[in-house]
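Have a look at the structure below before the remarks.
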Amino acid sequence: MNATHWATVDWSRAQFALTALYHWIFVPLTLGLSFILAIMETIYYKTGDEKWLRIEKFWMKLFGINFAIGVATGIILEFEFGTNWSNYSWFVGDIFGAPLAIEGIMAFFLESTFVAIMFFGWNKVSRKVHLWATWLTAIGTNLSALWILVANGWMQNPVGMHFNPDTMRNEMLSFANVLFNPVSVNKFVHTVFSAYTFSALFVVAVSAWYLLKKRHREQAKYSILVASAFGLLSIIGTIVTGDGSAKQVARYQPMKLAAMEGLQRGSRGAPLIAIGTPNVRKGGLLKSMADDLKGKDQLDVHIKGFEIPYGLSILAFNDPHAFVPGVKDLVYGNDKEGIPSYKERIRSGKIAINALAAYKKAKKAGNNDEAAKQLELFKAHFKDFGYGYFDENHPEALVPPVTISFFSFHTMVILGTWFLILFVWLYYALFKRKLETNKTLLRLAVISFPLGFIAQELGWVVAEAGRQPWVIQDLMPAQVAVSHIESSGVIITFFLFFVVFTALLIAEIKIMTGAIRKGFDH
Amino acid sequence: MLRKIWNFYYEGFRNLSADGRKLWFIILIKLFIMFAVLKVFFFPDILKEKFHSDRERIQYVEQNLLPGNQ
């Protein structure tokens, strides 16, 4: 693989990361705020109290701004699949097609119908129908996320398919296995709970700002009442499903877990590093971080910090004495624990690639016996197919960026813990009727919104940077998935996206802050 | 029924607030940039545009996935 192709690979990765991270600015607020609106409208429907109608309409306006700016930004990712990732697009076959088609149809019909009733339907449909439309908008937007996360979960743990060597694509064997892939199920629940938490932080932050400014005090307090209850349940859900995610990662992507913890050598009763820092390697911190991005010297990254004994073994396997493999156990193998080395898996992958090529040649030549033999060999080694694209003398190329994975994971966990404390504190202050006088808490609530945004983005960094170099776990690395196109085109569109998305973000912030300044009565 | 639906959307858009109009303007500009500029000029579907049949597409992907083995 030449340097020109690597430039395309790196820029395609960067572009996908940029568009996915920008897209994820808008999505979580839509997912969570839609349910907060549904809850607020239900209270209005049940009580008939006009103050809830004013509260509902205000948050609905902010929901509408975010929805309008964010809508269709995810389609850009699909453009990229067709241009930058054509090998991957072909290889995944109909696995992606089905969930994304369902997503497209559901998003169009559910959202465009019920969102319209939500915004245009006041005084035109009955209160009951309007309430139904609000709930169905919430359910519809969340179901859209389900299909995308099913597709993403399949990339992290490909199941429910078989590879057809004649068409060079994967074909779905069981839609149920793809849909109920344990990684997808957990990923969906964890992602939406974290999105709900983020939305609750948004409502809490805006309301706390009003209380600090002594404006709309009643509406702000009632908004915090709903949002902090919703946020508290959501952050508990996020933590519980986060634990589930760690177990899935330990089982299906052990290298990602080793990178998240910066664990070089595994052990039984492995400790969990609660807070720690990596060693700064030769050349200083900046060079260390640059090397991390390039995937260089990842076997030299060591994390030191405060350790919780047995913590990692419990987190990964619910067993304090379980063995958790480290980066070096996976790269070099560990006979005692029955872990094959990457060198062995690379050899196995090369057998799969060669057998596939030999199968094709034999079939073309009409040699059916040889084709059948090669096909059997290919099937036996298919689980290591993607490893065959690596050099067995450099198995360290299969290690993801350790420092980035470690910091992203730990910062996300620390922030999640803070959000739990914040929602409990807010609820306690509301219950004791001391919320308005507690300026510290209100200021902390305001600054927690950007922290929530950081936690959201870091969640994706952990999930996606931690699984590098795989686009499809064990089957397809990024350098094979990327199209053979000029990197200059990808660089141009990278900056085009950067400009377009930044303009959208500025527009969102400007319109949103304008609407917040106008307040509830506007 | 269709007329009712039409009127529902028509009235809704006609009575948009100033912020609502601004948002729809942004949506339309965004969709124009995405579909009429980015998709058309910068994001061709390589497999669809370069090749005319699945057989050709399979060959192309084979060349990329099985380098040196063809």
Side-chain angles (χ1 to χ4, degrees), chain A residues 1 61 64-65 67-69 71-73 75-76 78-87 89-91 113 116-117 119-121 124-125 165-169 353-354 356-358 360-361 385 389 476 480-485 489-490 492-493 496-497 500 503-504 507-508 511 514-515 518 522, chain B:
Chain A
M1 205 143 296
K61 184 160 72 176
I65 294 167
F67 187 85
I69 305 270
V71 76
T73 50
I75 288 175
I76 294 214
E78 290 183 39
F79 292 174
E80 289 172 36
F81 285 140
T83 305
N84 302 354
W85 305 88
S86 60
N87 292 327
S89 293
W90 185 263
F91 189 77
T113 307
I117 296 175
F119 284 98
F120 299 158
K124 286 186 181 142
V125 296
D166 297 319
T167 61
M168 297 296 285
R169 0 180 45 166
I353 292 171
N354 291 333
L356 180 59
K360 294 245 164 202
K361 270 184 191 163
F385 185 74
Y389 295 102
M476 182 172 256
V480 178
V482 164
S483 311
H484 288 256
I485 52 173
V490 187
I492 291 168
T493 47
L496 270 175
F497 281 148
V500 170
L504 284 175
E508 161 135 356
I511 300 172
K518 284 175 188 166
H522 185 76
Chain B
M1 181 68 179
L2 280 175
R3 192 173 179 81
K4 264 189 175 177
I5 293 171
W6 166 260
N7 284 339
F8 178 81
Y9 279 91
Y10 179 76
E11 289 293 319
F13 283 113
R14 217 175 60 141
N15 297 320
L16 276 178
S17 64
D19 281 347
R21 282 174 207 277
K22 205 186 289 177
L23 281 173
W24 270 102
F25 179 70
I26 291 171
I27 291 173
L28 293 176
I29 292 276
K30 177 179 70 178
L31 293 178
F32 177 79
I33 292 172
M34 278 169 58
F35 289 99
V37 180
L38 292 173
K39 178 66 186 154
V40 173
F41 297 107
F42 295 99
F43 283 95
D45 187 323
I46 287 185
L47 295 178
K48 264 189 194 158
E49 293 190 9
K50 265 188 164 177
F51 308 103
H52 303 295
S53 68
D54 275 357
R55 182 180 288 273
E56 287 177 351
R57 289 178 194 116
I58 291 167
Q59 272 176 357
Y60 170 77
V61 175
E62 253 178 50
Q63 281 165 15
N64 293 334
L65 261 60
L66 305 172
N69 285 299
Q70 294 298 295

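Convention: sequence-line order gives letters A, B, ...; per-chain numbering from 1.
Both the backbone and the side chain of A/Ala116 have a heavy atom closer than 4.5 Å to some heavy atom of chain B. A/Ile492 touches chain B through its side chain: at least one heavy atom from C-beta onward sits under 4.5 Å away, while N, CA, C and O do not. The contact between A/Phe91 and chain B is made entirely by side chain atoms (from C-beta outward), counting heavy-atom distances below 4.5 Å. Interface remark: B/Leu16 contributes side-chain atoms only to the contact with chain A (heavy atom separation under 4.5 Å). Contacts between B/Leu31 and chain A at a heavy-atom distance below 4.5 Å involve the side chain alone, from C-beta outward.
The backbone N or O of A/Leu504 sits nowhere less than 3.5 Å from a side-chain atom of B/Lys30 that would complete a donor-acceptor pair. The closest donor-acceptor contact from the side chain of A/Thr83 to the backbone of B/Pro44 lies under 3.5 Å.
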Using the side chain to side chain contact (heavy atoms under 4.5 Å, CB included) rule, take A/Ile511 and B/Ile26 through it: C-alpha gap first, then chi angles, then the decisive distance, then the call. CA-CA 11 Å; A/Ile511 300 172; B/Ile26 291 171; 3.5 Å; yes
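Residues B/Leu66 and A/Asn354 are not in side-chain contact: their nearest non-hydrogen atoms beyond the backbone lie 4.5 Å or more apart. Using a 4.5 Å cut-off on side-chain heavy atoms (C-beta onward), A/Ile65 and B/Asp19 make no contact. In this structure the side chain of A/Thr167 never reaches within 4.5 angstrom of the side chain of B/Asp54, judged on heavy atoms. Side-chain contact between A/Lys124 and B/Glu11 is present, with heavy atoms from C-beta onward closer than 4.5 Å. A heavy-atom distance below 4.5 Å is not found between the side chains of B/Asp45 and A/Phe81. Between A/Met476 and B/Leu65, the closest side-chain pair of non-hydrogen atoms falls below 4.5 Å.
Ring centers of B/Phe43 and A/Phe497: under 6.0 Å apart, within the cut-off. A distance below 6.0 Å separates the ring centres of A/Phe120 and B/Phe13.
Between A/Ser86 atom OG and B/Glu49 atom CD the span is 12.0 Å, to the nearest 0.5 Å. Here the straight-line distance linking atom CD1 of A/Ile485 with atom CD1 of B/Ile46 works out to 5.0 Å at 0.5 Å rounding. Taking OG of A/Ser89 as the start and NZ of B/Lys48 as the end, the distance is 10.0 Å to the nearest 0.5 Å. Between atom CE of residue B/Met34 and atom OG1 of residue A/Thr73 there is a gap of 7.0 Å, rounded to the nearest 0.5 Å. Atom CD of A/Glu80 and atom CG of B/Leu38 lie 10.0 Å apart (nearest 0.5 Å). To the nearest 0.5 Å, atoms CE (A/Met168) and CD (B/Gln59) are separated by 11.5 Å.
By number of non-hydrogen pairs under 4.5 angstrom with chain A, the leading residue of B/Leu23, B/Ile29, B/Asn15, B/Ile27 is B/Leu23.
The 12-atom threshold is exceeded at CZ of B/Phe35, counting heavy atoms of other residues, nucleotides or ligands nearer than 6.0 Å.
What you find for A/Trp90 and B/Arg57 is that their closest heavy atoms are CZ3-CD, 3.7 Å. When all heavy atoms of A/Thr113 and B/Tyr9 are compared, the closest pair comes out as CA-OH, 3.9 Å.
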